[in-house]
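Residue numbers start from 1 in every chain, and the chains themselves are labelled A, B, ... in the order their sequence lines are given, proteins ahead of strands.
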Number of protein chains: 2
Amino acid sequence: MTVPERLISAATELFAAKGFDRVAVQEIVDRAGVTKGAMYHYFGSKDDLLHEIYGSVLRMQTERLEKIAAGDGPVVERLHAAASDVIVTSIDNFDQAKVYFRSADHLAEDKRLAMRSERRRYHERFRALVEEGQAAGVFRADVPADVTVHYYFGAVHHLATWYSPDGVLSAEDVGRHYADLLVGSLRP
Amino acid sequence: MTVPERLISAATELFAAKGFDRVAVQEIVDRAGVTKGAMYHYFGSKDDLLHEIYGSVLRMQTERLEKIAAGDGPVVERLHAAASDVIVTSIDNFDQAKVYFRSADHLAEDKRLAMRSERRRYHERFRALVEEGQAAGVFRADVPADVTVHYYFGAVHHLATWYSPDGVLSAEDVGRHYADLLVGSLRP
DNA sequence: GTTCTAAGCAACCGCTTAGTATGTCGTTTT
DNA sequence: AAAACGACATACTAAGCGGTTGCTTAGAAC
């Protein structure tokens, strides 16, 4: 691993474990086996590290969602697949996901705005799936799609709080359960 | 308002707006119109303030849940009422709820353990409701009740991130929608 | 083989922070 | 009336923080 990779990796683990504000730059560079000079050579600030982690998760999830949503199966199946996929990939990259889920408001103002628009795009792509099902009459329409999406992603974000990879539930188990609940709640 | 009340109130607003670690004790006492001497007279530490806020929300929610769960209507209605109630009360005390939802891991070790057992009690009371419905055959049983409860409280906690009291949705609207989604997802 | 540059180090700086030690003043107790 | 006490204010400290600044070194370019 190169030095910048080691720094990102160390920062991810530490941010996931203690939260952004509880991690000193010194800890990160210690774990990466370099000094602060090296870190500030590759990254402009501590915020930059967070920004990097945050962005990479968001990009990955967005890509996958768009691919799944653009598939050609019935909308119920596509929504189920998308709902399940976000769980599985979040658990597979659990440290990164934890940082992403819990650190949105630690980003500096300028970077936060940039990220927000990309996050909105993700949200709206998901919402479009729900609305498609509503228009087709296979999903209930008395709950606004927007609310439903917030509802579901609340559940997803909360994974970081309760799920443990050492427990009895595999990532696929949770993904299936969560997707079942979502799709179930949308039955007319 | 007494001085300790003003301190709690100021801390609640600031913690809700910026997060525990981003708030200096000096800011809290400034907003409360006193000095640090006063604060450390009433509270042992900055952590104590958080602990106080955290505990009061938890106590309130637990009390209300137990009252609702112990009612004598059908389990579907009791679960719906409980699910809706937690939303409405969270929004009615939005700053407190925000602090509660987002600050669990900022508590000092000893206080965190104390809180965890009380939170578990809350969680299990809710889970018991779901299991009651499963046993009665009115709820699907292929998703573990435990997972369902985590799922729902994820959605609830996420309120702090997206909901705005100034928007078009009232607390009751959101409460009804969320409860509808939960109960809907549990239909066999 | 000299020059140039990127990579990384060690030391340091200015600032902020939670917490403390002590002082003051009005009220209650004796 | 004296003493004790509760309720704060003032002033301070010790530690930790993110970030900066030269400096050294290793390898590529010519």
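- Atom P of nucleotide C:dG19 and atom CD1 of B:I28 are separated by 10 Å, given to the nearest angstrom.
- Rounded to a whole Å, the CG atom of B:D30 is 12 Å from the P atom of C:dA18.
- Between the A:E63 side chain and the A:M60 main chain, no donor and acceptor come within less than 3.5 Å of each other.
- A cation-pi contact links A:K46 to A:F20, judged by a cut-off of 6.0 Å to the six-membered ring centre and 45° from its axis.
- Sorted by residue number, the members of residues 11-23 of chain B with any non-hydrogen atom under 4.0 Å from DNA chain C read B:V23.
- Atoms CG and CD, on B:D47 and B:E52 in that order, are 12.5 Å from each other to the nearest 0.5 Å.
- Here B:R102 pairs with A:D105 in a salt bridge; the nearest charged N to carboxylate O distance falls below 4.0 Å.
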Q: Evaluate the criterion side chain to side chain contact (heavy atoms under 4.5 Å, CB included) for residue pair B:F126 and B:L79; output intermediate values, then yes/no.
A: CA-CA 8 Å; B:F126 207 94; B:L79 181 67; 3.7 Å; yes
Q: Take nucleotides 6-16 of chain C nucleotide by nucleotide from the 5' end and write B, S or -, depending on whether a protein heavy atom sits under 4.0 Å from the base, only from the sugar-phosphate, or from neither.
A: -BSBS------
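- For DNA chain D, the contact window with chain A, defined by any atom under 4.0 Å from a protein heavy atom, covers D:dC17 to D:dT20 in 5' to 3' order.
- Proximity of a side-chain donor or acceptor of B:R78 to a complementary backbone N or O of B:A69 within less than 3.5 Å is detected.
- The ring pair (Phe, Tyr, Trp, His ring centres under 6.0 Å) contacts involving residues 38-93 of chain A comprise A:Y54-A:Y100, where partners must be two or more places apart or lie in separate chains.
- A salt bridge links B:R22 to A:D21: at least one charged side-chain nitrogen sits closer than 4.0 Å to a carboxylate oxygen.
- Closest of all the heavy-atom pairs between A:Q134 and A:A145 is OE1-CB, 3.8 Å.
- Taking a cutoff of 4.0 Å between a charged side-chain nitrogen and a carboxylate oxygen, B:E27 and B:K18 qualify as a salt bridge.
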What pairs of nitrogen or oxygen atoms, one from the protein and one from nucleotides 27-29 of chain C, lie under 3.5 Å apart?
none

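- Atom CD in B:Q26 sits roughly 16 Å away from atom P in C:dT20 (whole-Å rounding).
- Using a cut-off of 4.0 Å between Lys/Arg side-chain N and Asp/Glu carboxylate O, B:R121 and B:E66 are scored as salt-bridged.
- Legend: residues meeting side-chain contact (heavy atoms from CB on, under 4.5 Å) with B:D95, ordered by chain and number and at least two apart, are B:T12, B:E13, B:A16, B:K98.
- A donor-acceptor contact closer than 3.5 angstrom is absent between the side chains of A:E172 and A:S84.
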